[in-house]
Protein chains: 2
Amino acid sequence: MRTLNERPDVIPLVAEVFREFGYEGTSLSRITERTGMGKGSLYHFFPGGKEEMANAVLEDVGAWFERHVFEPLRSEPPGAAIARMWDAVDSYFRSGGRICLVGAFALDGTRDRFADRISGYFIQWIAALRDALIRQGWSPAAAGESAEDVVLGIQGALVLARATADDGLFARTIVRLKSRLRPDEGH
Amino acid sequence: MRTLNERPDVIPLVAEVFREFGYEGTSLSRITERTGMGKGSLYHFFPGGKEEMANAVLEDVGAWFERHVFEPLRSEPPGAAIARMWDAVDSYFRSGGRICLVGAFALDGTRDRFADRISGYFIQWIAALRDALIRQGWSPAAAGESAEDVVLGIQGALVLARATADDGLFARTIVRLKSRLRPDEGH
DNA sequence: CGCTCATTGTACCGATAGGTACACGATAGA
DNA sequence: TCTATCGTGTACCTATCGGTACAATGAGCG
């Protein structure tokens, strides 16, 4: 046919396949049917095959969070940046209807293959949030602990929401986590 | 050879394989090499093949938690039962060095195959903990919220601990979660 | 128009997937 | 000791895996 597809267009489609089936559960044929691209095109854009596709997907996810979450946390006024983070998280994960690819990859043997990208994602997130909290007047220790607490809470909520198919769980959890970041107790 | 192996002996070995590689990433040959059992024996004990093995493993995990965590939470004095839960959790997950099979299965397409067992595990855990908190004098609402918060925090900690290869994260998180269950704020 | 080159479908590759068939050997009960 | 059964190793099955080769196609451009 013709050149309707570009590499960046395909990545979100491929991402969704990995999200649904995990790295090992994602077969080239599944990607083919979901993207409408044959192996020829797929290997043209991703000469490294499945591994390169997953890498591109992880990079794409990382870039999205860098842009919409981490960077604002580091440079915008902390209150506004944190509010923005909650909005981004809620919409990105579709209120718990969508899981975190990075978290899912972290849990099985896939982790070792993409260790740097996976750990980088979480470390950056925690560091950026911690930074914002410190700029909001928190002590470094309390900020670090709470940042970890929040990021981990989001991941846990995604696991539980999908495990129990409880529609409200994610939103409930976000409310609770939000309130923990509000300055009422002494940090 | 002879009948050294019994079904119950093999299940923990198989469980470890699923834990490392996920459902899709676990191949019969990997199970064979890890357990030392050939396909003949494997299919003798698990005629349903891989799916039956995973089911048996999930049942085994569920039974362990029922015995060491859920049942105590329901019937023992709440303070002691909760203390026991923390010990059980820390040793079972090897301070974060071991992931939660149920949580891992929940995140990808594997969930649908074992939906009842997976959701049952978490629902029972939360309900049992909630029950213990109520018997400790918490309001039902606060108890439900905190039970969810704790179980989800454990899952999140397992994800992050493995993602970032941070040895101390799990223990740190447990300390924090523990303190949230101690009666100081008004519930 | 004709050249070039990115893009694509198709056929094919060896390896391995999950699963089945079956016959051999040990065992235990009679 | 004879025999029915349990446990096991091995050979084999088809389907699919991830990946490669390559020829046809088409757009862009001089």
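The sequence lines fix the lettering, A, B, ..., with proteins before strands; numbering per chain opens at 1.
Put simply, CZ on Arg30(B) is 11 Å from P on dT16(C), counting in whole angstrom units. The CE-P distance, from Met37(A) to dG19(D), rounds to 16 Å in whole Å. The CG atom of Leu42(A) sits 11 Å away from the P atom of dG19(D) (whole-angstrom rounding). Atom CD of Glu33(B) is separated from atom P of dG9(D) by 15 Å (rounded to the nearest Å). Taking atom CZ of residue Arg113(A) and atom C1' of nucleotide dG18(D), one finds them 11 Å apart after rounding to whole Å. When rounded to the nearest whole Å, the span between CZ of Phe21(A) and P of dG18(D) equals 13 Å.
Note on ring orientation: taking the six-membered ring where Trp is involved, the planes of Phe70(B) and Phe65(B) are tilted (angle from 30° to 60°).
Under a cutoff of 6.0 Å and an axis angle of 45°, Arg30(A) and Phe21(A) form a cation-pi pair.
Looking at Glu76(A) and Arg135(A), no side-chain N of the basic residue comes within less than 4.0 Å of a carboxylate O on the acidic one, giving no salt bridge. A salt bridge between Arg98(A) and Glu16(A) is present, with a side-chain N of the basic residue lying under 4.0 Å from a carboxylate O of the acidic one. By the 4.0 Å N-to-carboxylate-O rule, Glu145(A) lies too far from Arg180(A) to be salt-bridged with it.
The closest side-chain heavy-atom distance from Arg130(B) to Ile134(B) is below 4.5 Å.
Neither OP1 nor OP2 of dT8(D) sits under 4.0 Å from any side-chain N or O of His44(B).
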Can you pull every protein N or O that's under 3.5 Å from an N or O on nucleotides 18-22 of chain C?
unit_1: dG18(C); atom_1: OP1; unit_2: Thr26(B); atom_2: O; d: 3.0
unit_1: dG18(C); atom_1: OP1; unit_2: Lys50(B); atom_2: NZ; d: 2.9
unit_1: dG18(C); atom_1: OP2; unit_2: Leu28(B); atom_2: N; d: 2.6
unit_1: dG18(C); atom_1: N7; unit_2: Lys39(B); atom_2: NZ; d: 3.4
unit_1: dG19(C); atom_1: OP2; unit_2: Tyr43(B); atom_2: OH; d: 2.7
unit_1: dG19(C); atom_1: OP2; unit_2: Lys50(B); atom_2: N; d: 3.1
unit_1: dG19(C); atom_1: O5'; unit_2: Tyr43(B); atom_2: OH; d: 3.2
unit_1: dG19(C); atom_1: N7; unit_2: Lys39(B); atom_2: NZ; d: 2.8
unit_1: dG19(C); atom_1: O6; unit_2: Lys39(B); atom_2: NZ; d: 2.2

